[in-house]
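When a ligand or atom number is given, it counts from 1 through the structure's own listing order. What you see is a predicted model; the values in this text were computed from it and never measured. Below, all heavy atoms of this structure are taken into account, side chains as well, without hydrogens, waters or symmetry copies.
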Amino acid sequence: MCTCGRKPFHPERRAAWSEHFFAWAWSRATTPLEKSYGRIKDKLFADLSGEVVEIGPGAGINFRHFPAGVHVRGVEPNPFMHPYLKAAAEESGLTLSLDGGHAEEIHLPDASVDAVVSTLVLCSVYQPELALSEIHRVLKPGGKFYFIEHVAATPGSLMRRAQDFLAPAWRKIGDGCNPNRDTASLLRAAGFGAVSIEERHIKNPFIIVAPHILGTATK
Ligand SMILES: C[S@@+](CC[C@H](N)C(=O)[O-])C[C@H]1O[C@@H](n2cnc3c(N)ncnc32)[C@H](O)[C@@H]1O
């Protein structure tokens with residue numbers, strides 16, 4: 001694995017009680033959210049194959065949308081999510097290996113995986129630029145990063161002002177989630193060969209979690 005002179009990544013661990021609570025709460029919230037995200041995921045993930053890394057897979061809700069035969073490596077730092085992930089993989093008939101690390105430091109060699117998946121995760125990672133450079137590093141040439149993320153609203157809009165104002169409190173209650181992160185710009189600057197981004201308004205119970213972007217970035 002090439003660390004290429006990079007500073008080591010030392011995440012602050014979230015409090016165990018908060019990780020435990022978030023795993024419990026998220027495992028219950030994800031199934032109802034499928035009404036909004038399910039069909040989009042079926043289409044987006046239809047051509048996944050081979051070795052797939054999913055960063056922040058949470059309770060494993062995406063596994064049901066992955067084609068048969070993929071091997072998933074879940075990079076999930078919250079250990080209380082791991083039992084849900086194992087159960088979801090078994091239910092979907094996927095093979096899973098679990099890594100309790102972070103997207104900012106993926107424990108895999110350069111150019112070793114066919115695809116990386118992220119849904120609603122880049123809002124929460126500590127260092128999104130570093131996470132994206134790790135995603136780019138582990139992908140084989142021609143490999144794709146598939147994403148669905150909620151992002152910052154247009155600068156100056158009422159929604160953006162609400163996101164900026166509420167962000168500190170939202171981070172605390174939302175397990176580190178930043179409602180005002182400009183993930184689309186970060187993706188475009190991450191060194192991928194081709195980036196395809198579609199902006200969508202996806203129905204969501206959390207009003208400041210909008211708009212969304214979805215698409216792929218190819219190495
Ligand atoms: C909102 S949940 C989304 C879970 C899942 N992707 C989904 O769509 O249901 C965010 C997930 O990202 C994980 N996460 C937070 N920081 C992370 C990091 N630095 N690297 C990898 N995963 C992270 C959290 O533990 C959590 O499981």
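Here E34 pairs with K41 in a salt bridge; the nearest charged N to carboxylate O distance falls below 4.0 Å.
The side-chain contact (heavy atoms from CB on, under 4.5 Å) test applied to I197 returns F147, A184, L187, R188, V195, I213, not counting sequence neighbours.
Ring geometry for F192 versus F145: interplanar angle under 30°, hence parallel rather than tilted (30 to 60°).
N180 and R160 share no side-chain donor-acceptor pair at under 3.5 Å.
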Distances under 3.5 Å, N/O of ligand 1 against N/O of the protein: list each pair and its distance.
{"unit_1": "ligand 1", "atom_1": "6 (N)", "unit_2": "G56", "atom_2": "O", "d": "2.8"}
{"unit_1": "ligand 1", "atom_1": "6 (N)", "unit_2": "T119", "atom_2": "O", "d": "2.7"}
{"unit_1": "ligand 1", "atom_1": "6 (N)", "unit_2": "T119", "atom_2": "OG1", "d": "3.2"}
{"unit_1": "ligand 1", "atom_1": "8 (O)", "unit_2": "T119", "atom_2": "O", "d": "3.2"}
{"unit_1": "ligand 1", "atom_1": "8 (O)", "unit_2": "T119", "atom_2": "OG1", "d": "2.6"}
{"unit_1": "ligand 1", "atom_1": "9 (O)", "unit_2": "W26", "atom_2": "NE1", "d": "2.9"}
{"unit_1": "ligand 1", "atom_1": "19 (N)", "unit_2": "E104", "atom_2": "OE1", "d": "2.9"}
{"unit_1": "ligand 1", "atom_1": "20 (N)", "unit_2": "A103", "atom_2": "N", "d": "2.9"}
{"unit_1": "ligand 1", "atom_1": "25 (O)", "unit_2": "E76", "atom_2": "OE2", "d": "2.6"}
{"unit_1": "ligand 1", "atom_1": "27 (O)", "unit_2": "E76", "atom_2": "OE1", "d": "2.7"}
{"unit_1": "ligand 1", "atom_1": "27 (O)", "unit_2": "E76", "atom_2": "OE2", "d": "3.4"}

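Aromatic ring centres of H212 and Y37 lie closer together than 6.0 Å.
Residues L85 and I106 are members of separate hydrophobic clusters, defined by side-chain heavy-atom contacts under 4.5 angstrom among Ile, Leu, Val, Met, Phe, Trp and Tyr.
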